[in-house]
K.L.:
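My questions all concern the structure below.
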Protein chains: 2
Amino acid sequence: MVKQNPEGNPHTPDKTQDWNGLRMTKQRRVVYDILLESTDHPTAQDVFLQTTKRMPGISLATVYNCLEALVGHELVRQVNFDREPSRYCPNLSEHGHFHDVKTGRIHDVTFKDGAKLTDFLNLPEGTEISDLEITLRGTLPS
Amino acid sequence: MVKQNPEGNPHTPDKTQDWNGLRMTKQRRVVYDILLESTDHPTAQDVFLQTTKRMPGISLATVYNCLEALVGHELVRQVNFDREPSRYCPNLSEHGHFHDVKTGRIHDVTFKDGAKLTDFLNLPEGTEISDLEITLRGTLPS
DNA sequence: AACTAGAATTAGAATTATTCTAATTAAACT
DNA sequence: AGTTTAATTAGAATAATTCTAATTCTAGTT
């Protein structure tokens, strides 16, 4: 349960919440909210279009800055498909991405319980993995 | 065994070889050779620098065109790490990539024999996978 | 409540990998 | 040899992202 902000004004950032050490400014909050509400792995442009509705006058540079800050503090993940614009994902649990070429949509793909990467890949003993990215392209059953 | 070109001139493209339907021009051959000899997943720039040594006057646009043609005919793979410049890989067997953050080098990672992706990922029955990309970042044991 | 120092935001310029364009050259096919 | 088609080329264009320098905001302090 998140502690409530005494003023109760939804537009005033809650100073009691710990955002992994990130100062939650108005702009960052809006960007973050939009990502939390999103289901479609939006690009920076997509996010910018949404933020503009709630906060006219926000600049694209700020959206990029906010996204970078959120990624840096591990509140969202940045996902890249080939050379397409980066997409952003509020799902922090370990997962991969499936790019449906029929619909163009991107779906999260969870790992099976107990699945160990070392059962799958030939990695030297003692390899330290800091980041894992699994991307699939194809079509889902219709 | 590849059929020999009757002239025996190493610079004359061998017209009898099947390159997955790709016409093997002088430029494409040089770019392809450089990739086959490479072990370090070069970028288009890297390849361009090498080609210039063997074929001064080749243009960067041509290198890009050649790489695109080679990728399109599945003679090489294009590999992307985040938003970095694309890299090219002559290894066509199914494999992933390990980005060693200490050295900056990229290593191929093979899959264990008999490892099935469906043992690892929660995918709907009947999903058709046309392309799979696995990228790891971390450090190798020293 | 004003003061200050540091951080965040902003508009617009700059960067950079890549793609496009239009002209030239080379190859393949009568 | 002549024609057609494809490949190469130089340079311009594009587009996502980052940078710059100025302004504004915030948090902490008086």
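Reckoned from all heavy atoms, side chains included, excluding hydrogens, waters and symmetry mates. Convention: sequence-line order gives letters A, B, ...; per-chain numbering from 1.
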K.L.:
Can you tell me how far the OH atom of A:Tyr32 sits from the CG atom of A:Leu22, to the nearest 0.5 Å?
P.N.:
9.5 Å
K.L.:
Between B:Lys26 and C:dA27, is there a side-chain N or O to OP1/OP2 distance below 4.0 Å?
P.N.:
yes
K.L.:
On the nucleotide C:dT9, are OP1 or OP2 found under 4.0 Å from the side-chain N or O atoms that A:Ser59 carries?
P.N.:
no
K.L.:
Just wondering, more than 12 heavy atoms not from B:Glu94 lying within 6.0 Å of its CD?
P.N.:
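Atom CD in B:Glu94 is not packed in, count stays at 12 or less.
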K.L.:
Is the distance from OP1 or OP2 of C:dT10 to the nearest side-chain N or O of A:Gln27 less than 4.0 Å?
P.N.:
yes
K.L.:
What's the CZ-C1' distance between A:Arg23 and D:dT26, to the nearest Å?
P.N.:
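It works out to 5 Å between those atoms.
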K.L.:
What is the nucleic acid contact for B:Ser86, judged by heavy atoms within less than 4.0 Å: base, sugar-phosphate only, or nothing?
P.N.:
sugar-phosphate
K.L.:
Using a cut-off of less than 4.0 Å, is there contact between a side-chain N or O of B:Tyr64 and OP1 or OP2 of C:dT18?
P.N.:
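Checking C:dT18 against B:Tyr64, a side-chain N or O does come within under 4.0 Å of OP1 or OP2.
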K.L.:
Check the surroundings of atom CD in A:Glu74: do more than 12 heavy atoms from other residues, nucleotides or ligands lie under 6.0 Å from it?
P.N.:
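No - once you tally the heavy atoms of other residues, nucleotides and ligands closer than 6.0 Å, there are 12 at most.
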K.L.:
Is there a side-chain polar atom (N or O) of A:Arg28 under 4.0 Å from OP1 or OP2 of C:dT9?
P.N.:
yes
K.L.:
Would you say C:dT9 has OP1 or OP2 under 4.0 Å from some side-chain N or O of A:Thr25?
P.N.:
yes
K.L.:
Determine whether B:His41 and B:His97 satisfy the following criterion, ring-ring contact (aromatic ring centres under 6.0 Å, His included), listing intermediate values before the conclusion.
P.N.:
CA-CA 10 Å; B:His41 300 80; B:His97 292 99; 4.9 Å; yes
K.L.:
Give the rounded distance in Å between these two atoms: CG of A:Asp46 and C1' of D:dA16.
P.N.:
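Distance check: A:Asp46 CG to D:dA16 C1' gives 13 Å.
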K.L.:
Kindly point out which of D:dT8, C:dT9, C:dC20 is positioned nearest to the side chain of B:Ala61?
P.N.:
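Among the listed nucleotides, the one closest to the side chain of B:Ala61 is C:dC20.
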K.L.:
What integer distance in Å separates B:Tyr32:OH from D:dA7:P?
P.N.:
17 Å
K.L.:
Would you say A:Gln45 reaches D:dA15's phosphate, i.e. side-chain N/O to OP1/OP2 under 4.0 Å?
P.N.:
no
K.L.:
Quick one: is B:Arg83 getting a side-chain N or O under 4.0 Å of the D:dT17 phosphate, OP1 or OP2?
P.N.:
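Checking B:Arg83 against D:dT17: at least one side-chain N or O falls below 4.0 Å of OP1 or OP2.
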K.L.:
Rounded off to whole Å, could you give me the CE-to-P distance for the A:Met24 and C:dT9 pair?
P.N.:
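Computing the A:Met24:CE to C:dT9:P distance gives 10 Å.
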K.L.:
Expressed as a whole number of angstroms, how long is the span from A:Phe81:CZ to D:dA16:C1'?
P.N.:
17 Å
K.L.:
Taking CD from B:Glu68 and P from C:dT18, how many angstroms apart are they, rounded to a whole number?
P.N.:
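Spelled out: CD on B:Glu68 to P on C:dT18 is 12 Å.
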K.L.:
Starting at atom CG of A:Leu22, determine the distance to atom P of D:dA27, rounded to an integer number of angstrom.
P.N.:
12 Å
K.L.:
Closest nucleotide of DNA chain C for A:Met55 versus for B:Glu84: which of these residues is on the 5' side?
P.N.:
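Closest to the 5' end, via its nearest nucleotide, is A:Met55.
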K.L.:
For B:Asn65 and C:dT21, give me the distance from atom CG to atom C1', rounded to whole Å.
P.N.:
12 Å
K.L.:
So, for A:Leu36 and A:Pro90, which heavy atoms are closest and what is the spacing to 0.1 Å?
P.N.:
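Minimum heavy-atom contact is CD2-CB, 3.9 Å.
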